[in-house]
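Note sheet for the following structure.
None of these values were measured; they are calculated from a predicted model. Index from 1, following the sequence. Because only heavy atoms are used, hydrogens play no part in the values below, and waters and symmetry mates are left out as well, while side chains stay in.
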Amino acid sequence: MHLSFKRIVLLSVGWICVALGVIGIFLPLLPTTPFMLLASACFMRGSPRIAKWLHEHPKFGPALNNWHQHRAIDRRIKRRANVCIVASFCLSIAIVPAIWQKVMLLTMATILLIWFNRLREIEAVAHAPENT
């Protein structure tokens with residue numbers, strides 16, 4: 001099977017983003033959602049089959065589908081992300097020694113929180129129980 005250079009790059013970047021997104025589940029300073037969104041974009045162009053798998057994934061699929069269909073984030077995910085952003089920046093600010101680093105981190109956190117909280121929210125869709 002012949003793979004074009006562009007497709008190889010898209011698939012490679014997509015899988016790297018999936019790996020970073022999964023690592024981000026466990027590391028508060030590494031965000032999961034942006035990496036999964038980037039992986040989705042790469043897979044949509046490089047492999048529709050893998051993009052379909054990612055969008056049907058029980059953990060990542062709902063957030064990706066909300067973003068692609070509505071350009072919105074689930075309210076619960078947004079709330080959780082805000083807590084993680086604030087916690088990770090507070091930890092970073094407490095750790096760095098120089099005042100200019102603290103000011104820079106505070107500025108970055110403020111800009112990130114303003115941008116992130118301006119994104120539209122969508123209510124989570126309740127799923128019907130499968131075995132009723």
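- At a threshold of 4.5 Å between side-chain heavy atoms, the hydrophobic network of Ile, Leu, Val, Met, Phe, Trp and Tyr places V83 and W115 in two separate groups.
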Could you walk me through whether M44 and H55 satisfy the side chain to side chain contact (heavy atoms under 4.5 Å, CB included) test, starting with their C-alpha distance in whole Å, then the side-chain angles of each, then the deciding distance to 0.1 Å, before giving a yes or no?
CA-CA 10 Å; M44 287 176 140; H55 281 259; 3.9 Å; yes

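- Atom-to-atom distance recorded for L38:CG and T33:OG1 is 12.5 Å, nearest 0.5 angstrom.
- Contact of the R49 side chain with the K52 side chain is not registered, since no non-hydrogen atoms from C-beta on lie closer than 4.5 Å.
- One hydrophobic cluster, built from ILVMFWY side chains closer than 4.5 Å, holds both L37 and F60.
- Closest of all the heavy-atom pairs between G24 and T32 is C-OG1, 3.2 Å.
- Note that the CD atom of E56 and the CG atom of L64 stand 12.0 Å from one another [nearest 0.5 Å].
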Check against side chain to side chain contact (heavy atoms under 4.5 Å, CB included), F43 and L10:
CA-CA 7 Å; F43 290 148; L10 287 169; over 6 Å; no

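- The hydrophobic cluster containing I77 does not contain I114, counting ILVMFWY residues as joined when their side-chain heavy atoms lie under 4.5 angstrom apart, directly or transitively.
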I122/W67 under side chain to side chain contact (heavy atoms under 4.5 Å, CB included): CA gap, chis, key distance, verdict
CA-CA 9 Å; I122 191 167; W67 182 254; over 6 Å; no

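- Within the 4.5 Å cutoff, no side-chain heavy atoms of M36 are placed close to those of K59.
- A pairwise comparison of heavy atoms in K102 and P97 identifies CE-O, 4.1 Å as the closest pair.
- Taking hydrophobic clusters as Ile, Leu, Val, Met, Phe, Trp and Tyr residues chained together by side-chain heavy-atom distances below 4.5 Å, W53 does not share a cluster with V13.
- To the nearest 0.5 Å, atoms CG (L106) and SG (C90) are separated by 9.0 Å.
- The two residues C17 and A39 come nearest to each other via the heavy atoms CB-CB, 3.8 Å.
- In this structure, the separation between CG on N117 and CG on N82 is 4.0 Å, given to the nearest 0.5 Å.
- Placement of M108 and F116 within a single hydrophobic cluster is found when ILVMFWY residues are connected by side-chain heavy-atom separations under 4.5 Å, directly or transitively.
- Nearest approach of F89 to L112, heavy atoms of both residues: CE1-CD2, 3.9 Å.
- Rounding to the nearest 0.5 angstrom, the gap separating the CE atom in M104 from the CD1 atom in I93 is 9.5 Å.
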